[in-house]
Amino acid sequence: MSLRIYNTLTGKKEGFLPLRGKQVGLYACGVTVYDLCHIGHARSAIVFDVIYRYLRYRGYDVTFVRNFTDIDDKIIKRANEEGVDYSAIAEKYIEEFNIDMGGLGLEKPSFEPKATDHISGMIDLISILIEKEFAYRRDGDVFFSVERFKDYGKLSGRNLEEMQAGARVEIDEKKENPLDFALWKSSKPGEPFWKSPWGEGRPGWHIECSVMSQKYLGETLDIHGGGKDLIFPHHENEIAQSEAATGKPFARCWIHNGFVNINKEKMSKSLGNFLTIKEILRQWHPEVLRLFFLSHHYRSPVDYSEDSLLDAKTGLDRFYTTLKTIKEKIGIIPSTLTSEKPYSIPSPSRGEGEGGGVNLLEEARKTIETFQIRFEEAMDDDFNTAQALGYFYDLQTVLNSLLDLSRGQPTDQIRSLLDQGREQFRKMGWIVGLFREEPESYMDRQKKEGLKKLGLSEEEILKLIEERNTARKNKDWKKADDIRNDLLSKGIVLEDTPSVTLWKIK
RNA sequence: GGCGGCAUAGCCAAGUGGUAAGGCGACGGUCUGCAAAACCGUUAUUCACCGGUUCAAAUCCGGUUGCCGCCUCCA
């Protein structure tokens with residue numbers, strides 16, 4: 001099996017074949033830094049993070065570029081509102097972006113170029129487009145002529161006539177065709193500007209990506225991506241200007257992720273359902289958000305709600321509980337024991353039926369050993385993380401069965417299987433960015449944050465547990481149950497194990 | 001108006017020709033003083049609806065209904 005990716009350009013899943021052997025150039029459109037990032041940005045970032053990780057796992061040497069749009073009308077507007085320089089706004093939100101991405105546990109891209117660092121490259125590219133007569137000047141502005149680029153519309157699957165018929169395009173007297181887009185905009189008094197052959201001004205939005213991607217990755221990219229909303233006009237325009245200038249294909253494969261809705265509504269500032277990454281991370285562990293997103297295919301829309309995040313949290317808690325139990329059972333030192341010939345242990349709760357005597361160990365071994373290949377198959381199929389995650393649940397179930405089988409001391413064989421399973425969690429978990437934390441630390445964090453929310457202290461809980469255990473020793477079940485119910489009503493669940501009583505947040 | 005997407009159990013969700021993954025929830029069992037956790041089992045003869053192609057369709061084709069996105073800044 002080899003990697004297949006859905007290409008927006010062709011509308012099909014295609015075998016992935018980089019232009020230069022194992023070298024892969026990956027470009028993802030980043031953000032315009034005029035405000036805090038929201039949960040939609042988080043999804044896009046996580047999707048491309050996983051793609052980046054998986055490609056490297058598959059042995060590709062990936063150069064990953066994600067840009068910052070740090071000059072644009074919205075930034076200028078914001079700067080005017082706050083009475084500061086546009087660059088102060090850009091810097092502030094770049095910093096916030098970095099904090100957010102760090103909080104989400106994302107890998108750093110190879111390069112994170114800023115538009116304003118590449119103005120001269122943009123001027124060069126625009127000059128070429130004028131020279132080749134794909135672009136025209138109007139006063140201090142420069143526009144790209146969509147009519148002169150014959151493939152215009154190939155990415156978004158439309159043609160010029162259709163789009164003009166829709167005619168929801170702002171009429172600009174200066175443009176030859178309403179769909180023409182600005183490569184260079186002359187600056188109004190008081191606006192930031194750069195000098196150019198066409199006068200003082202600033203670049204249009206699309207040109208930066210053409211320039212920066214070319215600079216870091218060459219004229220033809222292996223993969224270019226971003227949110228679905230960027231297909232038109234942004235990516236369409238990037239293709240037009242890049243291919244018009246170089247005469248070469250701009251990107252071989254286009255990947256676009258779907259949107260995030262909130263409670264079934266499109267997220268937008270006007271609806272007031274705009275959730276920032278900071279707000280999410282205040283409430284949820286970053287891996288909860290990841291598990292939630294990656295449980296859906298990256299191209300599908302996904303509906304954010306408290307309930308779905310809670311589902312994801314329940315799942316993640318269980319994973320970490322399993323990992324913690326394994327750690328307690330076999331310690332942290334990887335087992336070097338080789339597995340011996342499997343011996344049959346009658347399954348404790350599966351005694352009847354013709355399947356009696358099913359070799360649970362053999363089943364577990366198979367699940368653990370085939371996990372990686374199944375995981376890879378799922379990821380190879382257009383990064384089907386939902387499927388891949390499904391296999392983690394399967395793996396978890398057999399590991400828990402093994403733990404159940406070895407209530408006392410695990411046999412060497414079980415120990416070895418548990419260790420192998422845990423190793424898969426670590427190794428494949430890296431690709432999806434999950435299970436990165438030490439289980440105890442994860443659990444502790446959950447407890448601490450839970451206690452804070454509930455307004456309880458660990459001391460009083462431990463005191464009540466002790467009191468209850470005394471009652472249990474005296475077989476005072478009434479009192480013991482009262483204490484347990486009391487704690488439960490406060491949101492604390494108790495778990496009696498043979499040795500100690502554990503507690504956790506409900 | 002144009003273009004595109006989606007519709008799978010109570011909920012979330014994978015599955016694009018070979019007879020419905022997985023998660024959450026619910027229920028029954030094992031374990032337990034009782035619970036909890038974990039495990040085992042049950043929970044869609046069926047994939048919005050109607051036709052068609054095929055030995056075979058959730059998957060392909062045509063139509064109907066409903067929802068959503070893009071066409072304007074947007075991840």
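Computed over heavy atoms, backbone and side chain alike; hydrogens, waters and symmetry mates excluded. The sequence lines fix the lettering, A, B, ..., with proteins before strands; numbering per chain opens at 1. Quantities reported herein were computed from a predicted structural model and do not represent experimental measurements.
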Contacts of A:F97 meeting ring pair (Phe, Tyr, Trp, His ring centres under 6.0 Å) (sequence neighbours excluded), chain-then-number -> A:F68
P atoms of B:A58 and B:G17, separation to the nearest Å:
13 Å
Looking across every strand, which nucleic acid part, if any, lies under 4.0 Å from A:F259 by heavy atom: base, sugar-phosphate, or nothing? base
Here the residues of residues 70-77 of chain A within 4.0 Å heavy-atom distance, strictly under, of RNA chain B are A:K74
Residue set satisfying side-chain contact (heavy atoms from CB on, under 4.5 Å) with A:K329, at least two apart, ordered chain then number -> A:L403, A:S406, A:P410, A:L418
Using 30° and 60° as the class limits, which term best fits the ring planes of A:H256 and A:H235: parallel, tilted or perpendicular?
tilted
Next on the checklist: Counting the atoms with a prime plus P, OP1 and OP2 as sugar-phosphate, which does A:G227 contact under 4.0 Å by heavy atoms, base, sugar-phosphate, or nothing?
Outcome noted: sugar-phosphate
Each nucleotide of nucleotides 4-13 of chain B classed B (base within 4.0 Å of a protein heavy atom), S (only sugar-phosphate) or -, in 5' to 3' order, makes --------SS
5'-most contact on RNA chain B (nearest-nucleotide basis), A:H234 vs A:R158, goes to A:R158
The side-chain contact (heavy atoms from CB on, under 4.5 Å) partners of A:D382 (sequence neighbours excluded) come to A:I5, A:Y6, A:K13, A:H297, A:Y298, A:R299
Next item on the list: Please work out if A:L494 contacts a base, only the sugar-phosphate, or nothing of the nucleic acid, heavy-atom cut-off 4.0 Å.
Entry: base
Atom OH of A:Y320 and atom P of B:A38 are separated, to the nearest Å, by 17 Å
Sorted by chain and residue number, the side-chain contact (heavy atoms from CB on, under 4.5 Å) partners of A:D394 (sequence neighbours excluded) come out as A:R374, A:Y391
Q) Aromatic rings A:H206 and A:H234: how do their planes relate, parallel, tilted or perpendicular, breaks at 30° and 60°? A) tilted
Q: Indicate, with a heavy-atom threshold strictly under 4.0 Å, whether A:R374 touches base, sugar-phosphate, or nothing.
A: nothing
Output row for RNA chain B, stems defined as at least 3 consecutive Watson-Crick or G-U pairs under 3.5 Å, is B:1-7 with B:65-71, B:10-12 with B:22-24, B:25-30 with B:38-43, B:48-52 with B:60-64
Subject >> B:G22 and B:A36, which share atom name P, separated by this distance in whole Å >> reply: 24 Å
Sorted by chain and residue number, the side-chain contact (heavy atoms from CB on, under 4.5 Å) partners of A:D72 (sequence neighbours excluded) come out as A:T32, A:T69, A:K74, A:I75
note: A:F392, atom CZ; B:A14, atom P; distance rounded to Å ~ 18 Å
Residue set satisfying salt bridge (charged side-chain N to carboxylate O under 4.0 Å, His left out) with A:K154, at least two apart, ordered chain then number -> A:D151, A:E243
Parallel, tilted or perpendicular: which one describes the rings of A:Y52 and A:F64, with boundaries at 30° and 60°? tilted
Between CG of A:L395 and P of B:G23 the distance, given in whole Å, is 12 Å
Contacts of A:Y304 meeting ring pair (Phe, Tyr, Trp, His ring centres under 6.0 Å) (sequence neighbours excluded), chain-then-number -> none
### Query
Hey, does A:T325 reach any base, or is it just sugar-phosphate, or nothing, if we go heavy atoms under 4.0 Å?
nothing
**Inter-nucleotide C1' distance (B:C47, B:A57), Å rounded** = 11 Å
- Query: Is there aromatic stacking of A:Y393 against B:G23, centre distance under 5.5 Å, plane angle under 30°?
  - Reply: no
key: Atom C1', compared across B:U59 and B:A21: separation rounded to whole Å   = 15 Å
Taken to the nearest whole Å, CG/A:D496 to P/B:A38 is 15 Å
Taken to the nearest whole Å, CZ/A:R472 to P/B:U32 is 13 Å
Contacts of A:F392 meeting ring pair (Phe, Tyr, Trp, His ring centres under 6.0 Å) (sequence neighbours excluded), chain-then-number -> A:F371, A:F375, A:F425, A:F435
Taken to the nearest whole Å, CD1/A:I492 to P/B:A36 is 17 Å
| When the P atoms of B:C11 and B:C73 are considered, how many whole Å apart are they? | 38 Å
Applying ring pair (Phe, Tyr, Trp, His ring centres under 6.0 Å) to A:F48 and not counting sequence neighbours gives none
Here the distance between atom P of B:C34 and atom CD of A:E495, to the nearest Å, is 17 Å
A:N261 side chain N/O closer than 4.0 Å to the phosphate oxygens (OP1, OP2) of B:C68? no
Does A:T470 offer a backbone N or O that forms a donor-acceptor pair with the side chain of A:N474 under 3.5 Å? yes
A:I373 atom CD1 is separated from B:A21 atom P, nearest whole Å, by 21 Å
What is the nucleic acid contact for A:V47, judged by heavy atoms within less than 4.0 Å: base, sugar-phosphate only, or nothing?
nothing
Reckon A:N400 touches a base, only the sugar-phosphate, or nothing at all at heavy-atom distances under 4.0 Å?
sugar-phosphate
With the side chain defined as heavy atoms from C-beta on, A:R318 is closest, among B:C70, B:G23, B:A14, to B:G23
